[in-house]
Amino acid sequence: MRMRRKPWTEPLLDACPYLINEPRARRGHWRDFFADPDVPLHLEIGCGKGVSTAKMAHENPRVNYVAIDEVRHVLAVTIKNVTAEYGGEEVRNLALSAVDAMFILDTFAPEDRVGRIYISFPNPWDEKAKQHKRRLTHPRQLMQYRSFLIPEGEIYFKTDDAPLFEATQRYLALCGFEIVYRTEDLHASDFSPNYVSEHEALYAGRGLPIRFLIARMGPLSEDFSWEIDGHRIDRVERGACKRQGRSRAQAEVSDA
């Protein structure tokens with residue numbers, strides 16, 4: 001279900017000091033935005049309403065967080081949740097921005113040195129096989145993440161979708177990631193801390209098991225191929241139009 005645009009969202013977004021309106025201009029310079037640029041930098045892809053984002057950032061002041069979502073006005077709800085979580089405290093370790101994760105290399109560069117990526121409950125894109133390349137954990141995406149993750153950087157992945165969870169493990173192995181933690185039922189495990197999003201609370205409340213893994217980036221295998229499942233993973237389509245040329249970001253993926 002899509003969130004309806006509310007009249008209060010734009011004024012709230014315009015007034016937010018930690019909302020980045022031109023994220024591409026920060027490419028390679030995300031650390032400079034924060035009061036302490038030398039602490040670890042973590043990225044959340046698809047933060048939604050930011051219930052878990054706000055709590056995670058507040059409880060970890062020695063980590064800087066960038067939380068992105070494709071839909072700009074949804075971030076207004078995130079700001080409300082952050083304000084409620086932080087109370088009267090200044091928000092010094094969180095930045096929000098509207099970014100299309102399919103083209104994330106337009107926004108993040110190796111100089112950003114991201115230590116961890118969070119991906120929680122993304123669209124499984126499972127109606128047709130040809131849609132799989134749009135998954136946020138597809139090799140095409142993972143190879144983009146590799147370019148700005150630090151050595152041994154990590155991906156934290158949650159989903160309620162069993163086929164996506166299994167496919168993601170295969171994708172990770174293909175792209176040089178080692179799974180260092182895995183559970184088929186996060187809420188029955190002893191993993192802590194677990195920051196629960198609105199979606200997670202909803203799914204868990206329905207009795208659905210939450211699948212979770214942590215993957216650590218390692219070297220690519222010698223037999224790594226840029227073509228997986230019949231798709232070139234260094235090419236990204238914008239809209240319905242297939243472009244013959246490649247953008248700067250696409251070129252960087254193939255040169256990684």
Side-chain angles (χ1 to χ4, degrees), residues 1-6 8-9 12-13 42-61 63 65-87 89 91 93-94 96-99 101 116-128 131-132 134-138 141 154-172 179-215:
M1 179 182 296
R2 290 184 178 273
M3 175 183 156
R4 292 182 179 179
R5 187 183 300 273
K6 304 292 185 180
W8 51 265
T9 59
L12 186 61
L13 291 165
H42 294 178
L43 169 65
E44 182 176 15
I45 300 176
C47 65
K49 297 179 180 180
V51 173
S52 58
T53 308
K55 190 169 186 62
M56 179 170 61
H58 191 211
E59 291 190 359
N60 296 277
V63 177
Y65 294 90
V66 179
I68 64 174
D69 198 274
E70 186 175 2
V71 183
R72 173 181 160 86
H73 71 273
V74 171
L75 294 176
V77 184
T78 303
I79 294 168
K80 280 193 167 185
N81 287 322
V82 171
T83 301
E85 173 65 31
Y86 276 73
E89 296 178 45
V91 180
N93 67 325
L94 175 64
L96 305 176
S97 196
V99 174
R116 183 180 298 171
I117 295 174
Y118 297 92
I119 304 172
S120 300
F121 305 99
N123 189 330
W125 292 108
D126 56 359
E127 292 184 4
K128 299 178 182 179
Q131 293 182 332
H132 290 179
R134 302 181 68 178
R135 292 171 168 173
L136 290 181
T137 57
H138 188 271
Q141 292 301 117
E154 296 176 328
I155 293 177
Y156 278 45
F157 174 64
K158 290 181 186 179
T159 183
D160 64 306
D161 190 277
L164 176 61
F165 193 61
E166 293 303 315
T168 294
Q169 293 173 71
R170 179 170 64 90
Y171 298 155
L172 289 163
I179 295 174
V180 296
Y181 183 88
R182 175 183 179 277
T183 177
E184 295 282 346
D185 192 345
L186 176 57
H187 289 203
S189 74
D190 58 358
F191 183 85
S192 181
N194 178 40
Y195 297 102
V196 179
S197 67
E198 184 180 52
H199 278 96
E200 183 171 344
L202 176 65
Y203 297 145
R206 293 175 177 172
L208 298 174
I210 306 302
R211 295 163 172 84
F212 171 68
L213 63 79
I214 301 173

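- Residues A204 and I210 approach most closely at N-CD1, 4.3 Å, considering heavy atoms.
- The heavy-atom pair separating Y86 from A54 by the smallest distance is CE1-O, 3.9 Å.
- Between K49 and E200 there is no salt bridge, since no side-chain N of the basic residue sits under 4.0 Å from a carboxylate O of the acidic one.
- With sequence neighbours excluded, no residue forms a side chain to side chain donor-acceptor pair (under 3.5 Å) with S120.
- Side-chain atoms of F157 and L164, non-hydrogen and from C-beta on, do get closer than 4.5 Å to each other.
- For the pair R182 (side chain) and L213 (backbone), a donor-acceptor distance under 3.5 Å is absent.
- Although no hydrogens or angles enter the test, the distance criterion places no donor-acceptor pair under 3.5 Å between the side chain of E85 and the main chain of T53.
- A pairwise comparison of heavy atoms in S52 and E44 identifies OG-OE2, 4.2 Å as the closest pair.
- Evaluation of the side chain to side chain donor-acceptor pair (under 3.5 Å) rule for T137 yields T168 as partners, not counting sequence neighbours.
- In plain terms, the two heavy atoms of V51 and V196 that are nearest each other are CG1-O, 3.9 Å.
- Side-chain atoms of K55 and P193, non-hydrogen and from C-beta on, never get closer than 4.5 Å to each other.
- Between the side chain of Q169 and the backbone N or O of F165, at least one donor-acceptor pair lies under 3.5 Å.
- Closest heavy-atom contact between G48 and D69: N-OD2, 2.9 Å.
- If you take CH2 on W125 and CZ on R134, they are separated by 3.5 Å, rounding to the nearest 0.5 Å.
- Proximity of Y203 to K158: side-chain heavy atoms (C-beta onward) are nowhere separated by under 4.5 Å.
- Between H58 atom NE2 and N81 atom CG the span is 13.5 Å, to the nearest 0.5 Å.
- A heavy-atom distance below 4.5 Å is found between the side chains of R135 and D126.
- Formation of a donor-acceptor pair under 3.5 Å by the N93 side chain with backbone atoms of V63 is found in this model.
- Applying the side chain to side chain donor-acceptor pair (under 3.5 Å) rule to N60 yields the partners Y195; only residues at least two apart in sequence or on another chain are considered.
- One distance of note links CG of L94 with OG1 of T78; it measures 9.0 Å at 0.5 Å rounding.
- Side-chain atoms of S97 never come within 3.5 Å of backbone atoms of V99 as a donor-acceptor pair (strictly under, hydrogens ignored).
- The CD atom of Q131 sits 8.0 Å away from the CG atom of N123 when rounded to the nearest 0.5 Å.
- Every residue meeting the salt bridge (charged side-chain N to carboxylate O under 4.0 Å, His left out) condition with E154, not counting sequence neighbours, appears here in chain and number order: R116, R216.
- Under the 30°/60° scheme for interplanar angles, the aromatic rings of Y156 and F191 are found to stand perpendicular.
- Taking each heavy atom of L186 and F212 in turn, the nearest pair found is CD1-CD2, 3.8 Å.
- Every salt bridge (charged side-chain N to carboxylate O under 4.0 Å, His left out) that R72 has, sequence neighbours left out, goes to E10, D14.
- Here the CZ-CG distance, from R206 to D160, works out to 9.0 Å after rounding to the nearest 0.5 Å.
- The salt bridge (charged side-chain N to carboxylate O under 4.0 Å, His left out) search around R211 returns E184, not counting sequence neighbours.
- Residue H42 places its NE2 atom among more than 12 non-hydrogen atoms of other residues, nucleotides or ligands, all under 6.0 Å distant.
- Here the straight-line distance linking atom CG of L12 with atom CD1 of I79 works out to 4.5 Å at 0.5 Å rounding.
- Put simply, the side chain of C47 does not reach to within 4.5 Å of the side chain of Y65, judged on heavy atoms.
- Between L13 and L75 the shortest side-chain heavy-atom distance falls below 4.5 Å.
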